[in-house]
Amino acid sequence: MDGEALSLKIQEEIKQKLKNCMIRPSVAVIQVGSDPASDSYIKRKEKACSAVGVYFRHFKFEDDTPELTIINKIKELNNDEYVNGILVQLPIPERYNEKRILNSISNSKDVDGLTDINTGRMINGRKTLVPCTPLGVMRILKEYEIPLEGKRVVIVGRSKLVGKPLFQLMLAADATVTVCHSHTVDLPSITKEADILICAAGVPKMITEDMVKKDAVVIDVGINRVDGKLCGDVDFDKVSKKASYITPVPKGVGPMTVAMLLENIVTCYENKPVTK
Ligand code: NAP
């Protein structure tokens with residue numbers, strides 16, 4: 001499944017939509033500390049924003065910045081009518097109260113869909129902003145016309161960014177969902193039952209051929225660097241011979257996350273979410 005091609009198609013649609021806008025949508029990215037992976041993710045987001053005509057503002061704070069200074073900047077951006085979306089690049093250094101910082105983002109500008117209010121709205125099936133990576137997974141499955149209703153979906157990973165929201169989205173799509181994590185006993189016996197297996201654990205190539213049912217759909221969210229090379233959580237070379245569909249790493253879910261961020265920014269710009 002080609003996430004890169006689909007992402008470019010979505011980006012082109014957004015570019016066309018924004019072509020004649022008098023005032024461009026804008027997004028503000030808050031970065032705290034200096035994590036090299038975050039630097040590269042932010043660069044990628046900036047490039048995609050400028051390619052479609054979204055104004056990108058980057059606020060970088062040293063990791064000794066008082067939490068209140070960061071929250072005050074977010075509040076200032078909340079009140080700036082020319083800022084449509086705000087996101088805090090995760091992870092932030094551990095000594096900060098991540099929840100407090102995320103929850104200071106206005107719910108209507110929360111392009112990562114991570115405030116408690118937006119999370120609650122999603123759980124209750126209300127219209128809201130949804131985290132970009134799970135949205136990207138749902139979108140790629142839709143593009144390839146993979147049916148979800150009644151299917152057995154297994155998600156490996158229960159993070160707030162990926163596993164938990166995916167669980168809600170899959171449930172809403174009438175799949176039967178199992179979520180696994182680091183305490184799950186006999187993981188292979190569960191993954192082998194999956195019609196659709198989604199791995200977001202951050203463990204290189206942990207999903208091996210013997211853990212996958214023949215003709216399963218396999219979505220690899222993991223991004224790991226091994227010996228300087230990117231790889232996912234799935235042993236792609238072997239599993240791809242057994243799966244009916246599989247996403248590669250890179251060029252799978254990663255580009256879809258960026259495309260969904262752009263869609264969320266446009267949603268905020270058009271003031272679509274019914275959330276205050
Ligand atoms: P995370 O917060 O570290 O969560 C990892 C999850 O995997 C946890 O729930 C953990 O269980 C579980 N886990 C870890 N080792 C496991 C094992 N051996 N067996 C079963 N479960 C295991 O990570 P994340 O933010 O969700 O990210 C996961 C991966 O996706 C990373 O590689 C990250 O780089 C990648 N990612 C990619 C994108 C993208 O755009 N493609 C976006 C976000 C993240 P516990 O809860 O028990 O600890």
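Starting from 1, each residue takes its place in the sequence as its number. All of these numbers come straight from a predicted model, not from anything done at the bench. Counting starts at 1 for both ligands and their atoms, following the listed order.
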Task: Atoms in ligand 1 flagged as close to G254, the criterion being non-hydrogen separation under 4.0 Å - done: 40 (O), 41 (N)
Open item on the list: Show me which atoms of ligand 1 lie under 4.0 Å from any heavy atom of V156.
Closed with: 20 (C), 21 (N)
Task: Proximal ligand 1 atoms for V203, defined as those under 4.0 Å from one of its heavy atoms - done: 15 (N)
Open item on the list: Is there a polar contact, in the sense of an N or O pair closer than 3.5 Å, between S182 and ligand 1?
Closed with: yes
Task: Contacting atoms of ligand 1, where contact means under 4.0 angstrom from a heavy atom of H183 - done: 47 (O)
Open item on the list: With heavy-atom distances below 4.0 Å as the criterion, list the atoms of ligand 1 near G157.
Closed with: 6 (C), 7 (O), 9 (O), 12 (C)
Open item on the list: Quick check on contacts: which atoms of ligand 1 are under 4.0 angstrom from a heavy atom of N224?
Closed with: 32 (O)
Open item on the list: Any heavy atom of A200 closer to ligand 1 than 4.0 angstrom?
Closed with: yes
Task: N or O pair under 3.5 Å between T257 and ligand 1 - done: yes
Open item on the list: Under 4.0 Å from atom 3 (O) of ligand 1, is there at least one protein heavy atom?
Closed with: no
TODO: Looking only at distances, please establish whether an N/O atom of ligand 1 is found under 3.5 Å from an N/O atom of V221.
DONE: yes
Task: Short side-chain to backbone donor-acceptor contact, N103 and D116, under 3.5 Å - done: yes
- [ ] Answer yes or no: does atom NZ of K238 have more than 12 heavy-atom neighbours from other residues, nucleotides or ligands under 6.0 Å?
- [x] no
